[in-house]
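First the proteins, then the strands, lettered A, B, ... as listed; each starts at 1. No hydrogens, no waters, no symmetry mates; every other heavy atom, side chains included, goes into these values.
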2 protein chains.
Amino acid sequence: MSDNQADAGGAVQSKRADARRNKETLLDAAAKVFVASGVDAPVRDIAREAGVGLGTIYRHFPTRADLVIAVYRHQVEACAEAGPALLASNASPYVALREWIDLFVDFLVTKHGLAAVLRSDSAGFETLHTYFLDRLLPVCTELFDAAVAAGEVRSDLSAYEVMRGVGNLCAGAEGDDRYDALRLVDVLVAGLRR
Amino acid sequence: MSDNQADAGGAVQSKRADARRNKETLLDAAAKVFVASGVDAPVRDIAREAGVGLGTIYRHFPTRADLVIAVYRHQVEACAEAGPALLASNASPYVALREWIDLFVDFLVTKHGLAAVLRSDSAGFETLHTYFLDRLLPVCTELFDAAVAAGEVRSDLSAYEVMRGVGNLCAGAEGDDRYDALRLVDVLVAGLRR
DNA sequence: AAACGATACGGAACGCCGTTCCGTTTAGCA
DNA sequence: TGCTAAACGGAACGGCGTTCCGTATCGTTT
């Protein structure tokens with residue numbers, strides 16, 4: 001899962017060993033910097049942490065957003081895969097949805113500022129936004145629709161809105177001890193109930 | 001309401017006519033640019049629109065945020081003043097709270113990107129963030145506490161969380177027709193109910 | 001009317017950002 | 001052991017908010 005940065009499947013590996021090694025180094029360094037300083041950390045910080053030039057970063061990841069995507073891709077993957085599993089192991093689709101949202105939220109708040117990226121249109125992050133949506137929205141939709149079909153939640157919303165809503169609630173939760181994102185998401189999810 | 005930029009009351013007017021005129025021009029220009037391009041519009045755009053140098057802006061408004069505050073001050077004021085009024089004219093504090101939140105949301109979504117500012121810690125916007133909180137939080141608290149006291153809403157939240165939550169839900173609502181912030185706020189507020 | 005501070009003005013300059021460009025180095029193959 | 005395509009580092013670019021300062025203007029005082 002570590003190499004392709006376009007769609008899953010057909011990505012080509014670089015021929016040269018140093019390039020592959022550097023990409024790996026870069027991903028590690030970026031992950032480290034992201035947890036330390038948030039997703040907004042300057043590209044230069046990551047380059048320094050990796051002991052690498054700026055050009056190197058930008059050949060591997062054409063855009064800051066692409067780097068962020070690559071770093072979090074497999075974590076998003078895990079979240080996506082949990083969806084169907086939860087649906088299968090729960091009698092109530094609503095409960096499954098709630099638990100999936102818990103997972104989603106955990107993921108978001110663990111990574112500094114990642115949630116903020118979910119609502120950003122500032123060009124560069126559009127890619128990341130798109131990726132999150134492409135991968136997670138179908139999962140969320142499946143859970144949400146099941147809960148709607150079971151008559152457990154109100155039906156005047158879209159799964160998309162729920163996901164973005166949750167993402168937005170988590171935005172900027174870091175470093176503000178008066179604001180408990182988990183609890184607010186709980187309120188939102190409670191409001192979903194029919 | 002047009003001149004003071006510190007706290008209400010004791011602000012001193014500039015002695016020179018051109019300064020007063022420029023400040024006015026600046027506020028008009030900024031308002032115009034903000035509706036056209038959102039609160040994130042570059043300072044230089046505002047300077048150009050006003051036909052004024054950058055230095056002039058920064059003497060009148062030490063920070064971008066101060067300018068934004070000045071532009072929206074009386075609208076924030078109106079929102080703040082509506083709180084007690086709603087509380088007085090409604091039998092149910094919960095209904096008053098809900099209506100106040102409607103006002104608040106209207107204000108946020110009408111002005112491009114203003115909501116995003118509520119969740120931002122990015123240094124530059126801190127002033128703006130602080131101002132919003134200082135003025136609006138007490139109002140929201142009054143309404144919220146009344147609703148809690150009346151036993152109409154759950155009590156494991158703070159007014160601060162509600163306000164930030166609503167603000168967050170509205171962030172990035174522009175230009176996304178699949179995302180209806182109003183409706184999500186509605187869900188959140190419904191979830192508040194006890 | 002003239003002269004003179006105090007005050008306000010414009011915009012060049014600074015530091016930080018993401019990103020691009022290109023001369024230099026190096027890996028892997030013949 | 002060369003040779004070349006690939007990858008490298010980092011200077012340079014344009015855009016941002018903000019600062020700084022020489023210049024122009026205002027309002028006053030003679």
Undergrad: Hey, could you give me each pair passing side chain to side chain donor-acceptor pair (under 3.5 Å) that has a residue in residues 38-51 of chain B? Not counting sequence neighbours.
TA: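 Passing the test, one end in residues 38-51 of chain B: B/Lys32-B/Glu49, B/Asp45-B/Arg48.
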Undergrad: Spell out protein contact along nucleotides 21-29 of chain D as letters: B when the base is contacted, S when just the sugar-phosphate is, - when no protein heavy atom is under 4.0 Å; keep the 5' to 3' order.
TA: ----BSS--
Undergrad: Within this structure, what is the OH-to-C1' distance between B/Tyr58 and C/dT7, rounded to whole angstrom?
TA: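 Distance, rounded to whole Å: 21 Å.
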Undergrad: Name all residues meeting the side-chain contact (heavy atoms from CB on, under 4.5 Å) criterion together with B/Val95; count only those two or more places apart in sequence or in a different chain, and write none if there are none.
TA: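 Partners of B/Val95 by the side-chain contact (heavy atoms from CB on, under 4.5 Å) criterion, ordered by chain and then number, come out as B/Asn90, B/Ser92, B/Arg98, B/Glu99.
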Undergrad: Provide, to the nearest angstrom, the distance between the CG atom belonging to A/Leu67 and the C1' atom belonging to C/dT19.
TA: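 Going from CG in A/Leu67 over to C1' in C/dT19 covers 14 Å.
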Undergrad: Check the distance between C/dA8's C1' and B/Ile57's CD1 and give it to me in whole angstrom.
TA: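 Rounding to the nearest Å, CD1 of B/Ile57 and C1' of C/dA8 are 14 Å apart.
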Undergrad: Using a 4.0 Å cut-off on heavy atoms, which residues in residues 33-43 of chain B reach DNA chain D? List them by number, or say none.
TA: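 Output list: B/Ala41, B/Pro42, B/Val43.
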Undergrad: Does a side-chain heavy-atom distance below 4.5 Å link A/Tyr131 with A/Tyr72?
TA: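 Of all side-chain heavy-atom pairs linking A/Tyr72 with A/Tyr131, none is under 4.5 Å.
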Undergrad: Round to the nearest Å and state the distance from B/Arg64 atom CZ to D/dG15 atom P.
TA: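 Taking CZ of B/Arg64 and P of D/dG15, I get 17 Å after rounding.
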Undergrad: Mind checking what makes side chain to side chain donor-acceptor pair (under 3.5 Å) contact with A/Arg135, not counting sequence neighbours?
TA: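 For A/Arg135 the side chain to side chain donor-acceptor pair (under 3.5 Å) partners, ignoring immediate neighbours, are A/Glu77.
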Undergrad: Specify the angle, to 10°, made by the local axes at the two ends of the helix from C/dA1-D/dT30 to C/dA30-D/dT1 when five pairs are taken at each end.
TA: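 Comparing the first five pairs with the last five, the axes sit 30° apart.
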Undergrad: Within the sub-3.5 Å range, which N or O atoms of nucleotides 1-4 of chain C have a protein N or O partner, and how far apart are they?
TA:
none

Undergrad: Would you compute the distance between atom CD1 of A/Ile101 and atom CG of A/Leu188 and round it to the nearest 0.5 angstrom?
TA: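 Going from the CD1 atom of A/Ile101 to the CG atom of A/Leu188 covers 7.5 Å.
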Undergrad: Return the nearest nucleotide to the side chain of B/Thr56; candidates are C/dG18, C/dG10, D/dC8.
TA: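 Shortest atom-to-atom distance from the side chain points to C/dG10.
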Undergrad: May I have the step-by-step check of side-chain hydrogen bond (donor to acceptor under 3.5 Å, both in side chains) for B/Asn168 and A/Tyr179, ending in yes or no?
TA: CA-CA 11 Å; B/Asn168 277 358; A/Tyr179 182 75; 3.1 Å; yes
Undergrad: Confirm from the modelled atom types if B/Arg44 and D/dG15 form a donor-acceptor pair under 3.5 Å, side chain to base only.
TA: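 Side chain to base: no pair present.
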Undergrad: Could you list all the ring-ring contact (aromatic ring centres under 6.0 Å, His included) pairs where at least one residue sits in residues 34-59 of chain B, not counting sequence neighbours?
TA: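 Passing the test, one end in residues 34-59 of chain B: no pairs.
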Undergrad: Do the side-chain N or O atoms of B/His60 get closer than 4.0 angstrom to the phosphate oxygens (OP1, OP2) of C/dA8?
TA: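 Answer no for this pair, as no side-chain N or O of B/His60 is under 4.0 Å from OP1 or OP2.
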Undergrad: Quick check: do A/Leu67 and A/Thr63 have side-chain heavy atoms less than 4.5 Å from each other?
TA: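 Answer no - side chains too far apart.
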Undergrad: Just verifying a value: how many Å separate A/Leu97 CG and A/Cys140 SG, rounded to the nearest 0.5 Å?
TA: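 Between atom CG of A/Leu97 and atom SG of A/Cys140 there are 6.0 Å.
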Undergrad: Specify the separation, in whole Å, of atom NZ of A/Lys23 and atom C1' of D/dA6.
TA: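 It works out to 14 Å between those atoms.
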Undergrad: Between B/Leu26, B/Thr25, B/Ile46, which is the residue that forms a side chain to side chain contact (heavy atoms under 4.5 Å, CB included) with B/Val52?
TA: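 Checked B/Leu26, B/Thr25, B/Ile46 against B/Val52; only one passes side chain to side chain contact (heavy atoms under 4.5 Å, CB included): B/Leu26.
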Undergrad: Using side chain to side chain donor-acceptor pair (under 3.5 Å) as the criterion, list what pairs up with B/Asp18, not counting sequence neighbours.
TA: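 Partners of B/Asp18 by the side chain to side chain donor-acceptor pair (under 3.5 Å) criterion, ordered by chain and then number, come out as B/Arg16.
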Undergrad: Rounded to the nearest 0.5 Å, how far apart are CG of B/Leu136 and CE of B/Met163?
TA: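 Reported value, rounded in 0.5 Å steps: 5.0 Å.
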Undergrad: Is B/Thr63 near enough to D/dT18 that one of its side-chain N or O atoms lies under 4.0 angstrom from OP1 or OP2?
TA: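 It does, given that an N or O in the side chain of B/Thr63 lies less than 4.0 Å from OP1 or OP2 of D/dT18.
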Undergrad: Which of residues 45-54 of chain B have a heavy atom under 4.0 Å from DNA chain C?
TA: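 Contacts with DNA chain C under 4.0 Å: B/Gly51, B/Val52, B/Gly53, B/Leu54.
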Undergrad: Working to the nearest 0.5 angstrom, can you tell me the gap between B/Asp102 CG and B/Trp100 CH2?
TA: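 CH2 of B/Trp100 is found 11.0 Å from CG of B/Asp102.
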Undergrad: Nearest whole Å is fine: how far is D/dA6 P from A/Asn22 CG?
TA: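 Going from A/Asn22 (CG) to D/dA6 (P), I get 17 Å.
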Undergrad: Excluding sequence neighbours, so at least two apart, what forms side chain to side chain donor-acceptor pair (under 3.5 Å) with A/Asp28?
TA: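 Side chain to side chain donor-acceptor pair (under 3.5 Å) check on A/Asp28 returns nothing, list empty.
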Undergrad: Can you name the side-chain contact (heavy atoms from CB on, under 4.5 Å) partners of B/Leu157, sequence neighbours left out?
TA: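 Result, side-chain contact (heavy atoms from CB on, under 4.5 Å) vs B/Leu157: A/Arg183, A/Leu184, A/Val187, B/Phe144, B/Arg154, B/Glu161, B/Val162, B/Leu192.
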Undergrad: Within the structure provided, determine whether A/Tyr160 and A/Leu133 are in side-chain contact (heavy-atom separation under 4.5 Å).
TA: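 Yes, at least one pair of side-chain atoms sits under 4.5 Å.
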